[in-house]
There are 2 protein chains.
Amino acid sequence: MTLLDVAQRAGVSVATASRVLNGGDRVPRPELQERVKAAADELGYTPNAQAQALAKSSTNVVGILVHDIEDPYFAAIANGVMRAADERNLLVMMASTFRDSDREIAYLSSLRAQRARAAVMIGSRRTDSESLARTATEVETFLNSGAGLALVSQSGMPAHTVEPDNRSGSADLARELVGLGWRKFAVLGGPETLATARDRRDGFVAGLAEAGLQPVAVVAGDFTRDGGYAAAEQLLDRQADVDCVFAVNDVMAVGAMSALRARGVDVPGRLGVAGFDDIATLRDVWPGLTTVRLPLEQMGRRALELAIEGGDATTETFKAEVVLRESTARG
Amino acid sequence: MTLLDVAQRAGVSVATASRVLNGGDRVPRPELQERVKAAADELGYTPNAQAQALAKSSTNVVGILVHDIEDPYFAAIANGVMRAADERNLLVMMASTFRDSDREIAYLSSLRAQRARAAVMIGSRRTDSESLARTATEVETFLNSGAGLALVSQSGMPAHTVEPDNRSGSADLARELVGLGWRKFAVLGGPETLATARDRRDGFVAGLAEAGLQPVAVVAGDFTRDGGYAAAEQLLDRQADVDCVFAVNDVMAVGAMSALRARGVDVPGRLGVAGFDDIATLRDVWPGLTTVRLPLEQMGRRALELAIEGGDATTETFKAEVVLRESTARG
DNA sequence: CTGTTAGCGCTTTCAA
DNA sequence: TTGAAAGCGCTAACAG
């Protein structure tokens, strides 16, 4: 069923049919409108979006790139992007890159081929890899193609950026924990090359410094549940004299808590534990995890807005807020 | 930059250019291939996917519909679909319907407009609503348009179906729990109109019946964390004589555990708790949640395969497996 | 093996 | 207001 079929059935030209069914410009006389609409649904007509896109050379598709949609952090941000897209009647194409920059680049170029209106890239990249440069190149190409782009948690790209205030969020956390009476801290950091992980660690260290403290131990680990588990084990093996552990994200913190439990270490009795993100799905763990809340959905929404609006690259920072729960309660 | 530009620069026809850059059919002589490729990347040519789709009247786009991507159950299945799509070089369009069938129908029709090759609908619908019939109609329209379709956890539609074995999974769970020594059960069911929730409850009740038992209490609630929380509170208010609680999904179970904790009810000391799904993000809760594991990612993968393959509507059932953890351990 | 050319379905000037 | 017709960029017969 094409527009031509509809037009013929309604006894009008395709131009007229187009105008009543889709067009925003001049509207035909009511009587014709009726006829066309009637013909359209008798025939079960559905416009061919590809053809429309080709003719108008513009689409209503936006892209989302995440590292892993099963990670609740990405899911929460993606949810914000999708809601914002839905409100604007935009269709969303999503891909998981699994932290593989080749996949990422390939997908960005697919979006270009699709003539996507805009894209949102979620999550930070490793700083060490030369592939970061290749990504940057593709980012520029993407922007030069006329599409909009915003990145969440990844600065240094020539596009709009939405960032949580990782440093001051974890500095605040450090202050609060010190205020609670904790003194001997360990940091379970993510990979050294991940800016988000580094910023959270550094912010925390800076916060401690204000109180004249410094971390007793810093253990690097993967930015995942298993990374947190392994880092906690390592910490225990070192037998460091620690009373509170800060893991740079909630997922790691929960992994760490499992490791501690397996080793019979009471939380918060013998060790306090804190995380970062305030993942909704993890709000019911026990003991309740002290963390730093990020407005993840909001950040996603805003990223889409910026990407759609286009314009000069700007950076917006979202404030983080400490949430104290039982995992750092002092006896 | 169009194919014509490339062709001219390489001194060949568009047909030739098309053949070397995209076409799968006859390949031009090596020398020309070189020239075309060179021209293409000097010009930074990217094919226009819309134009290709229009010319070939076929795309490499597939759709995914979820109720809510932030719900880890959907995220896990969607992840499977996306991986399978990635392997086949398919692009994924995703939308959250928030259990609104109008959104669902609208999105299905957008996918039709996009000439999507296939779609996967994840999650079960309510059985009571007349909107189910409207969905069924759109499903047929979708299939008649020539696209493939598979549903996960929703039977009764004229398309491929992938289903977890909810009934026997929860019957198994019931048997295991009885084997552990639990006797006085409460079921925190989802909405009566949700087939998945009903099947899990019924399966559990059937499993109990084998041991000559029947649930002391059945409380309906929303299929969410808050639903579980509220249902548990209600259960406590009734002061029913219960020793073990089965919530029809993990998210509800975790909500219920929080409610119990808030009321000072020890798990599993005073009350055992079990869930269903084995959500990865919740594997670290404490006490570890006894549940029924579903191969969510696998189900997603398979759904995509079926959707792509097309053919007559088939139903595939995936076995569920009981996972006993601390939340139902007997003192 | 390569080029010509007629569409794919729709939008959008440009005339009428 | 309505219609005719020229593309949008690419593919796929069909010739050569």
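Just so you know, these numbers come straight off a predicted model, no measurement behind them. A note on names: the letters A, B, ... follow the listed sequences, proteins ahead of strands, and every chain is numbered from 1.
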Is the phosphate of C/dT2 approached by B/Arg29 (side-chain N or O, under 4.0 Å from OP1 or OP2)? yes
Under a 4.0 Å threshold between the charged nitrogen and the carboxylate oxygen, would A/Glu297 count as salt-bridged to A/Arg301? yes
Do A/Arg115 and D/dG9 have a side chain to base donor-acceptor pair shorter than 3.5 Å? no
Value in whole Å for how far the P atom of C/dT2 lies from CG of B/Leu32: 4 Å
Are side-chain N/O atoms of A/Arg112 and A/Ser145 paired as donor and acceptor at under 3.5 Å? no
At 4.0 Å (heavy atoms only), tell me whether A/Thr16 reaches a base, stays on the sugar-phosphate, or touches nothing. sugar-phosphate
For D/dG3, does OP1 or OP2 lie under 4.0 Å from any side-chain N or O of A/Ser13? yes
Nucleotide D/dT1, atom P - distance to CD of A/Glu31 in whole Å: 14 Å
Whole angstrom value for the distance that separates P of D/dA6 from NZ of A/Lys56: 23 Å
From CD of B/Gln52 across to P of D/dT11 the rounded distance in Å is 4 Å
In whole angstrom, give the distance that lies between atom OH of A/Tyr45 and atom P of C/dG9. 10 Å
Nearest-nucleotide pick for B/Leu54, side chain only, options being D/dG9, D/dC10, C/dC10: D/dG9
Counting only side-chain nitrogens and oxygens, does A/Asn48 get under 4.0 Å of the OP1 or OP2 atom of C/dC8? no
Salt bridge or not between A/Arg99 and A/Asp68? Use side-chain N to carboxylate O under 4.0 Å. no
Tell me which nucleotide among C/dG9, C/dG3, D/dG3 gets nearest to the side chain of A/Ala15. D/dG3
Gap between atoms CG and P, on A/Leu3 and C/dG9 respectively (whole Å): 11 Å
Spacing of B/Leu21 atom CG relative to D/dC10 atom P, expressed in whole Å: 9 Å
Start at the 5' end of DNA chain C and walk down; is the nucleotide closest to B/Val12 or to B/Ala55 reached first? B/Val12
Are more than 12 heavy atoms from other residues, nucleotides or ligands located less than 6.0 Å from atom CG of B/Asp41? yes
Quick check against the 3.5 Å criterion: does A/Thr59 have a side-chain atom that pairs as donor or acceptor with the backbone of A/Arg115? yes
Within the structure shown, what part of the strands sits under 4.0 Å from A/Ser57 by heavy-atom distance: base, sugar-phosphate, or nothing? nothing
Quick one: A/Arg19 CZ to D/dT2 C1', roughly how many Å, whole number? 6 Å
N or O in side chain of A/Asn22 less than 4.0 angstrom from C/dC10 OP1/OP2: no
Nearest to side-chain heavy atoms of A/Ser18, which nucleotide of C/dT4, D/dC10, C/dT12: C/dT12
